[in-house]
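Here the structure is laid out as structure tokens; the discussion comes afterwards.
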Amino acid sequence: MKKKIVLIDGNSVAYRAFFALPLLSNSKGMHTNAVYGFTMMLLKVLKEENPTHLLVAFDAGKTTFRHKTYDEYKGGRQKTPPELSEQFPYIRELLKAYGIAQYELENYEADDIIGTLSLQAEKDDFEVKIYSGDKDLTQLASEATTVCITRKGITDIEVYTPAHIEEKYGLTPEQIIDMKGLMGDSSDNIPGVPGVGEKTAIKLLKQFDTVEKLLASIGEVSGKKLQEKLEEHQDLAVMSKELATILREVPMDFSLSSLQYNEPDNEKVYELFKELGFNSLLEKLDRPAEEAAIREKVSYEFAAELKEELFNDDSSFYLEMITENYHHADVAGFGLSGQSGTYFIPAEAAFQSAVFKAWAEDETKKKSVYDAKRTVIGLRRRGIELKGIDFDIWLASYLLNPSESPEDFAAVAKLHGMQTIQSDEAVYGKGAKRKLPEEAEYAEHIASKAAAVEELKTICLKELEENQQLELFYELELPLALILADMESEGVQVDVERLKEMGEELKSKLAGIEQTIHALAGTEFNINSPKQLGTILFEKLGLPPVKKTKTGYSTSADVLEKLAPSHEIVEHILTYRQLGKLQSTYIEGLLKVADPITHKIHTRFNQALTQTGRLSSTEPNLQNIPIRLEEGRKIRQAFVPSNNDSVIFAADYSQIELRVLAHIADDEKLIEAFLHDLDIHTATAADVFHVSQEEVDSNMRRQAKAVNFGIVYGISDYGLSQSLGITRKDAGIFIDRYLQSYPGVKEYMESIVRQAKEKGFVTTLLQRRRYIPEITSRNFNLRSFGERTAMNTPIQGSAADIIKKAMIDAAEMLEKENLASKLLLQVHDELIFEVPKAEIETMKRLVPEVMEQAVELKVPLKVDYSYGPTWYDAK
DNA sequence: ATTTACACGC
DNA sequence: GACGTACGTGTAAATC
């Protein structure tokens, strides 16, 4: 077989990749686009060229022998962006992993290394391929050597053979050097002859062959001006040619044979791709032997008979359900893995086994699970109280990186380096087709998950420790999961009759409004269809469109409010929308999910979803029950205690986020305001507008409130301008004035952004973490988003930490005080309890105390509370 | 089955 | 593979 060597210009290809691809980054915020592009190209080269020998050459240092000739060589070049510099070590690692030689040499450029080696290789009867992003290299093309230059993308290349060069320029490869000598090269700061560009250079070389011959017969050049220029700049032409000439005799201390390419170290490649987050490439990779072996090793036993020996003191335990809502879903089976082996346990075998129940309820038998809350509830519904939960892979994964915490077990396992688990979708199907396959198939799947839990625990524990998040995990999130399980199982009683009544009322109101709207429009149409509504308003009735969406006219509430004065129909539409929302989402929605027998609603709190550490609530979402408008607020009348002897008791933190801000920013004025328990929006208005508290009018307070809102939620000047109905510029001025009034806050905002840029993440009071890769983006919007995220997450996230801590403390208090009161719901800054009338006085005293003492800040936490016969009355 | 527009809460 | 506006969830309509 003929020997074939591929020579790659490492710097040039890395640069090309960096600028050709968007600034991708891995989950830890490291940029990866250049490495990715480089890898793509490398893979393509390996596959298509199938070389016997391979070398990647790099530029060494800043100065080369060319700088002696011309000290301005490569002058005026932009510094390598740090986003690219940080990637070079990974490119080097990649080459090592692939077993590819790399070389750099003091005083020389990669070009010269390649030029020298290609010459040697040609003499040694190699076929030579050169890869670069720099057209200079085309001068090396010959019968034996082909030069491949990357085009637009990174894997798209243009192949330069002598024939192609002849066709393209009408020159030989050697004449490329002469061409450069004449026309120069702005990117390398090679001057060339002023006034000579590509066209003239080619014309001259066709006539005179080389720079030297040209200069010897300047008199024969047509055109007086051109003659003069050449005469005047002879030395520039000679020097430029010299600079452009790739050296082919670089002293090198190795032989071609040492560049032999064998094969990659799969294990290393795998590790590297994993670190870089190249998931698509990982999948194509053969699994390293070690992990493949693990997959083989997941041998499990089918445990139909549950003997005590199966259960260890410390086990991994997986409860499987194939539909999402664990309040209704059937248990499909269990996986158990520990010292005594890995088992699949059929659901009914477990539920009928006293041994299983005894083990599950034994606090001293430790269990590591995936989604503790779901596991607890799944067992509780069958009369088993799971105790001794020691670890939860899902929660751990969420704490390690909330942005990458999918629900699917396989995806989480993969994140932490285990590729061996099949996705639930692959095993069970999705949507309407979701069902249990053959028992043998799902048994293996479930058993493999239990076995994986075992291994993932070790990995996650180590990472939690590195992040100093063990306390957050063990003292906050894991205990909270159990409290949430209790809240969800308990459920909230709804007055179904009351909901139905309200539904009837709404129904007739809506019918009336619908008629009015149709009459005013002069035609019947579906008011709920933004498309049809847009046609009616903006075409039939000729109202001026304010805003457009991708698909047509916007008919959102803020648009309609602007249009209200123009046509009577608009206010009716707004009312229709408002009532329609109440009807469909809240009345019908809640009736759909209320238990037909108990009339209780069991929401699910997602504890591993939000980027800030807040909870979310689904099926139904009980964190967005209307309160702002009276009609909607009435929905809360349907939320009632589960017995006549109790009340609904609500306690909420007053301005918790701004108090957190005062604390972490250590802002003197803000702290002072809270120490004096001032109305914070009035105080802000006074500070921002430089007036006394008494002089703050309602408009000033409204604006200050919007700014505070913006601070808490990290909105942009654009967002503030929208909420205040002012220009973006004015909103920006507002924010500046705010920051001038609170220098501590300003200082905090600046330092947290700096910190996020340095570390790639921000943390909260209790060490919750959020990675913000966007913050180093060159895209303004993206970077701004990252900056606001950096400023906002510690505020909102710490507030989330605090209320979670309060929930744990409150649960402990209820237990200790032996109270029958129950925590029902959490709505970000408030806790809703059901309280027996006899315990009201105690709860009035203890709940605010517990919540206010959850953590100690530089400012007091303040809790307001109220109670009544329905949630509506607890206001 | 998936996407879009809208509206509710904090 | 881009990323346009705090974060979520749910509904209906429209589109595939």
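Just so it is clear: chains get the letters A, B, ... in the order the sequence lines come, proteins before strands, and each one is counted from 1. All heavy atoms count here, side chains included; hydrogens, waters and symmetry mates do not. As the structure is a prediction and not an experimental result, all values here were calculated from the model.
Between W871(A) and F639(A), the ring-plane angle classifies as perpendicular under the 30° and 60° cut-offs.
Backbone-only contact: S554(A) has heavy atoms under 4.0 Å from sugar-phosphate atoms and none from a base. Among the atoms of the strands shown, none is found under 4.0 Å from any heavy atom of E774(A). Y718(A) comes within 4.0 angstrom of a nucleotide base, judged by non-hydrogen atoms across all strands. If you check every strand for non-hydrogen atoms under 4.0 Å, N781(A) touches a base. Nucleic acid contact for G589(A): sugar-phosphate only, since backbone atoms but no base atoms lie under 4.0 Å from a heavy atom of the residue. As judged by a 4.0 angstrom heavy-atom cut-off over every strand, Q578(A) is placed among residues touching the sugar-phosphate backbone only. If you check every strand for non-hydrogen atoms under 4.0 Å, Q722(A) touches nothing. Backbone-only contact: L609(A) has heavy atoms under 4.0 Å from sugar-phosphate atoms and none from a base. If you check every strand for non-hydrogen atoms under 4.0 Å, N606(A) touches nothing. Using a 4.0 Å heavy-atom cutoff across all strands shown, S716(A) reaches at least one base atom of the nucleic acid. Across all strands shown, T555(A) has heavy atoms under 4.0 Å from sugar-phosphate atoms exclusively, and none from any base. Looking at heavy-atom distances under 4.0 Å, S777(A) makes no contact with the nucleic acid at all. Among the atoms of the strands shown, none is found under 4.0 Å from any heavy atom of R604(A).
Between dT9(C) and T618(A), no contact under 4.0 Å exists linking OP1 or OP2 to a side-chain N or O. Applying the 4.0 Å criterion to OP1 and OP2 of dA5(B), one finds that S529(A) has every side-chain N and O outside that range. Note on N621(A): every side-chain N or O is 4.0 Å or more away from OP1 and OP2 of dG9(B). For S616(A) and dT9(C), the shortest distance from a side-chain N or O to OP1 or OP2 is below 4.0 Å. Side-chain nitrogen and oxygen atoms of K531(A) include none within less than 4.0 Å of the OP1 or OP2 phosphate oxygen of dA12(C). Look at R614(A) and you won't find any side-chain N or O under 4.0 angstrom from OP1 or OP2 of dG8(C).
Salt bridge R498(A)/D495(A): absent, no basic N to carboxylate O contact under 4.0 Å. Salt bridge K547(A)/D558(A): present, at least one basic N to carboxylate O contact under 4.0 Å.
The side chain of E830(A) lies closest to dC10(B), out of dA6(C), dA7(B), dC10(B). Ranking dC8(B), dG8(C), dA6(C) by closeness to the K581(A) side chain, first place goes to dC8(B).
Regarding N528(A), its CG atom lies at a distance of 11 Å from the C1' atom of dA5(B), rounded to whole Å. One interatomic measurement links the two molecules: CG of L622(A) to P of dG8(C), which rounds to 18 Å at whole-angstrom precision. Summarising the geometry, the separation between CD1 on I625(A) and C1' on dG8(C) is reported as 14 Å, rounded to the nearest angstrom. Following rounding to the nearest Å, I832(A) (CD1) and dG9(B) (C1') show an atom-to-atom distance of 12 Å.
Between the side chains of N621(A) and T618(A), no donor-acceptor pair of N or O atoms lies under 3.5 Å. Remark: the Q796(A) side chain and the T612(A) side chain contain an N/O donor-acceptor pair separated by less than 3.5 Å. Side-chain atoms of E657(A) and N708(A) include no donor-acceptor pair closer than 3.5 Å.
Remark: dA1(B) base-pairs with dT15(C). Criterion, Watson-Crick or G-U wobble with two distances under 3.5 Å. dC3(C) is unpaired under the criterion used here, namely a Watson-Crick or G-U wobble arrangement in which both key atom distances are under 3.5 Å.
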